[in-house]
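Read the numbers this way: they start at 1 and go in the same order the structure lists the ligands and their atoms.
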Amino acid sequence: MRYSKLFIPTMREIPSGINAISHILMLKAGYVRQLAAGLFIFLPLGWRVLNKINTILKEEMEKIGAQEISMPILHPAEIWQQTGRWYTIKEEMFRLKDRTGRDMCLGMTHEEIMAWIASKEIKSYRQLPQVWYQIQTKLRDEARPRGGVLRTREFIMKDSYSFDIDWEGLDKNYKLHAEAYHRIFTRCGLKYFQVESDPGIMGDMESHEFMAPTPAGEDDIVLCDHCGYAANIEIARSQLPTLSPLNMEYKEAHTPQKKSVKEVAEFLGLDERYFIKTLLVISEKNGPVLVMLRGDQELNEKKLARVIGEFSFATPEQALEILGVELGFVGPVGHKIKKIADFSIEKGIAYVSGANKKDYHLKGIIPGEHFDAQWTDIRKVKDKDKCPKCGSSLRIEKAIEVGNIFKLGTKYTEPLNAYFLDKDGKEKPIIMGSYGIGPARVAAAAIEQNHDNDGIIWPKSIAPFDIEIIPLNMADDKTVSIAEELYEKVTEIYNSFADRHMEVLIDDRDERPGVKFKDADLIGIPIQVIIGEKALKENKVEIKKRRTKETKKVPVNKAVVEIV
Ligand code: ATP
Ligand code: MG
Ligand code: MG
Ligand code: MG
C-alpha cells in the first residue's frame, strides 16, 4: 500500500479534555475520528487493526468449533420483555418504535435473540451442543462514554453463545472459551489477567473477566507477582480478611422465615406487582428501612439512597415487626444489591436483609437459614495485605475489561422456552453460556500498553501493516528504485506463502525525512526499512525496530531475508 494514496489524516493539536493515551494516539495518528459522544469512525488504519483482531477472533472461535452467524441489531421488544431485561435495563438500552408503533430496541447483547432462535430450532438432544458466534455491532447508551474507543455507545463485539444438554457440557464449552481467550489475548500481544468476576454472591454462576492492566483502566485488580494470584477487587476483598484477623468480626446471625412476594403484598394490602423487589436494609446511618421496589425500578448502590426515600412504606420498627426480623442478622448490601434482589425474587424470598457499617459489610448470608455472618472489610486493599495464596505482598493495578465469559445456565432459555427432548424423552431447558470480547477495546488496550513518547508501538499481530518502507529522498532515483523493488519483492515473496502473509506500506510521499520518521514512529508499524543515500553508497539499507528503535544496516540484497 502506498502512503501517498492512503488516507492517514494525522493531527497535531489534540482537543482538550482527551486523556487516555490510546485516544490521543488514535486521533493523532489518523486511526479514528469522533462523530459524536461515544460514536467513532474507524479510518483506514484503524479499520485494518480491527480487522486483524477480528481475524484472530474468527480463527480462535473456529478452532473451538464455534460457527459464525449474524443476527439483527434491531430487536422486537417482546423477546426482551420475556426475560425481563426490557424492564431491568434502564437508560443503557436504546429504544424506539417502528412505523406501526411496535416497541423495538437496539441490541446491547444477544443472549435473548440467541435463546429465541434456539427455542425455535432446537428440539432434540441430537442437535446439541451448538456454539454460535458473531462479530457484530452492539449499542449501549453508556452513561459516560470515555477513553476514545475504550467505551463507546456503538461498538463491535465478538459474542459467542454455547448451548448444551447439561452442566458438564457447559463446563466444557466454558473451558474451551477460556482457553481460546488466552490464545486470543496472547496473540494480540496484550498483557492480561483472567480474574473471577463478581463474587458469586448467593449461588450466582461462574464468570470470569479478562483484564488488561493499564492506568487508563476503570477497574481495579489485585495482583501477586510471586505466585500469579490475580483477582477482581471485590473477590480480593472477600479473601483478604481471612489473612487479616483484625478486619474480622463474627456475629451469630439468624434469618427470618421465608415470605413470598405475595404474602408480603397481601399483608400490606397492596398490589403484588408492586412487590417484585423488596429489601430490608439495615445501615448504620439510617437504621433498618423496608424498601419496596417496583419491578421496573433498578436497584444499584448509587440509587439506593434516593430509592429508600421514595419507597419506604414503613418505619424501621414496623418493618422489623412486619417481617418478624431479629435485629442483628445481616446480608450484603451495596454494589451487589441488584444481584441479591434478583436472587431473592428467584428464590421466592420477598426480601433480603443487609447491613453496612462504615468500611464494612456483612457477607455469607443464606436467606432463610441459620448462618455465621462475617463482617468484611471493604476498604481498599492495603499494602500490608498479603496474598491469600502465598502470603507475599500484593499490588493493585488499574485494568481494562477486554473480555468476559459467563455461565448462564437456564437464565435465558427457560423464559424463552428453549427446551429440548433428552435421550430419556424428558423435556429439559438448554444450558447456555455467553462469551464476549470487544475488539476496539483490545486495540485501545494494546496501545495503552505499547507506546512511547513518539507514538504507537503495535504488537506485530495486530499492526495495520507489518513493514513500512521509507525512501528518504524521493528525488533520488536510486533510493526510489531500491525502495520500489523491495516493496514489490517483500509483498510478492511473502504473499506466495499462504502462512506468511506480509503487508507492506511504502512512504512514497514527497516529504522531508524528518516528517517521514515522525509519522512512521507515530503510526507505529513494527518494522521500518529506511532507504537513504548514505547507506546506499555502501549498498545497504537500514532496518529499524519500532519498539526498541534499534537499527541495523544490511546489504540491499539481504534486506528481504532480514526483514522477517
Ligand atoms: P464494562 O464493565 O466495561 O461496562 P461490560 O461488562 O458491560 O463492560 P460485557 O457486557 O461483558 O461488557 O461485554 C463484553 C465485552 O464487550 C467487554 O468485555 C468489552 O471488551 C466490550 N465492551 C463492553 N462495553 C463496551 C463499550 N461500551 N465500548 C467498547 N467495548 C465494550
Ligand atoms: Mg458495561
Ligand atoms: Mg464489566
Ligand atoms: Mg463484562
Quick one: sort the His182 and Tyr192 rings into parallel, tilted or perpendicular, breaks at 30° and 60°.
->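 Geometry flag for Tyr192 against His182: tilted rings.
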Look at the rings of His75 and His110 and say which category their plane angle falls in: under 30° parallel, 30 to 60° tilted, over 60° perpendicular.
-> perpendicular
[X] to [Y] - nearest heavy-atom pair and separation:
{"X": "Ala180", "Y": "Glu60", "answer": "CB-O, 4.2 Å"}
{"X": "Tyr31", "Y": "Pro464", "answer": "OH-CG, 3.3 Å"}
{"X": "Ile89", "Y": "Met108", "answer": "CG2-SD, 3.6 Å"}

Taking the N/O/S atoms of Glu401 one by one, which is nearest to the Mg ion (ligand 4)?
->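 Glu401's closest N, O or S atom to the Mg ion (ligand 4) is named OE2.
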In the protein, which heavy atom is nearest to [atom], and how far is it?
{"atom": "atom 1 (P) of ligand 1", "result": "Arg151 NH2, 3.5 Å"}
{"atom": "atom 19 (C) of ligand 1", "result": "Arg441 NH1, 3.6 Å"}
{"atom": "atom 15 (C) of ligand 1", "result": "Gly438 N, 4.0 Å"}
{"atom": "atom 17 (C) of ligand 1", "result": "Glu401 OE2, 3.4 Å"}
{"atom": "atom 9 (P) of ligand 1", "result": "Arg140 NH1, 3.8 Å"}

Please state which part of Arg153 comes within less than 4.0 Å of ligand 1, counting heavy atoms only: side chain, backbone, both or neither.
->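 The answer is neither; Arg153 stays 4.0 Å or more away.
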Where does Asp219 meet ligand 1, judged by heavy-atom distances below 4.0 Å: at the side chain, the backbone, both, or neither?
-> neither
Check whether any heavy atom of Gly403 sits under 4.0 Å from an atom of ligand 1.
-> yes
Give a yes/no verdict on whether any heavy atom in Thr152 is under 4.0 Å from an atom of ligand 1.
-> yes
Side-chain heavy atoms of Lys398 within contact of Asp220, under 4.5 Å |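 A side-chain contact under 4.5 Å exists here.
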Does the pair Lys175 and Glu179 meet the rule for a salt bridge (Lys or Arg N to Asp or Glu O under 4.0 Å), with working shown?
-> CA-CA 6 Å; Lys175 190 161 168 271; Glu179 288 163 1; 3.3 Å; yes
Counting only N and O atoms by type, is there a donor-acceptor contact under 3.5 Å from the side chain of Gln449 to the main-chain atoms of Lys191?
-> yes
Can Gln134 and Tyr161 be said to form a side chain to side chain donor-acceptor pair (under 3.5 Å), step by step?
-> CA-CA 9 Å; Gln134 55 180 348; Tyr161 303 82; 4.9 Å; no
Do Ile437 and ligand 1 have an N or O pair less than 3.5 Å apart?
->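 No; the residue has no nitrogen or oxygen that sits under 3.5 Å from a nitrogen or oxygen of the ligand.
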Val402, any N or O under 3.5 Å of ligand 1 N or O = yes
On the ring face of Phe155, is Arg441 found with NZ or CZ under 6.0 Å from the centre and within 45° of the axis?
-> no
Sub-4.0 Å atoms of ligand 1 with respect to non-hydrogen atoms of Leu150 |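 The list of qualifying atoms is 28 (N), 29 (C).
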For atom 23 (C) of ligand 1, which candidate among Phe40, Phe406, Tyr435, Phe155 provides the closest heavy atom?
-> Phe155
Heavy-atom distance to atom 14 (C) of ligand 1: which of Met157, Glu209, Glu142 wins?
->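 Selected option, by shortest heavy-atom distance: Met157.
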So does Ser197 have any N/O/S atom less than 2.8 Å away from the Mg ion (ligand 4)?
->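 No, since none of the N, O or S atoms of Ser197 sits under 2.8 Å from the Mg ion (ligand 4).
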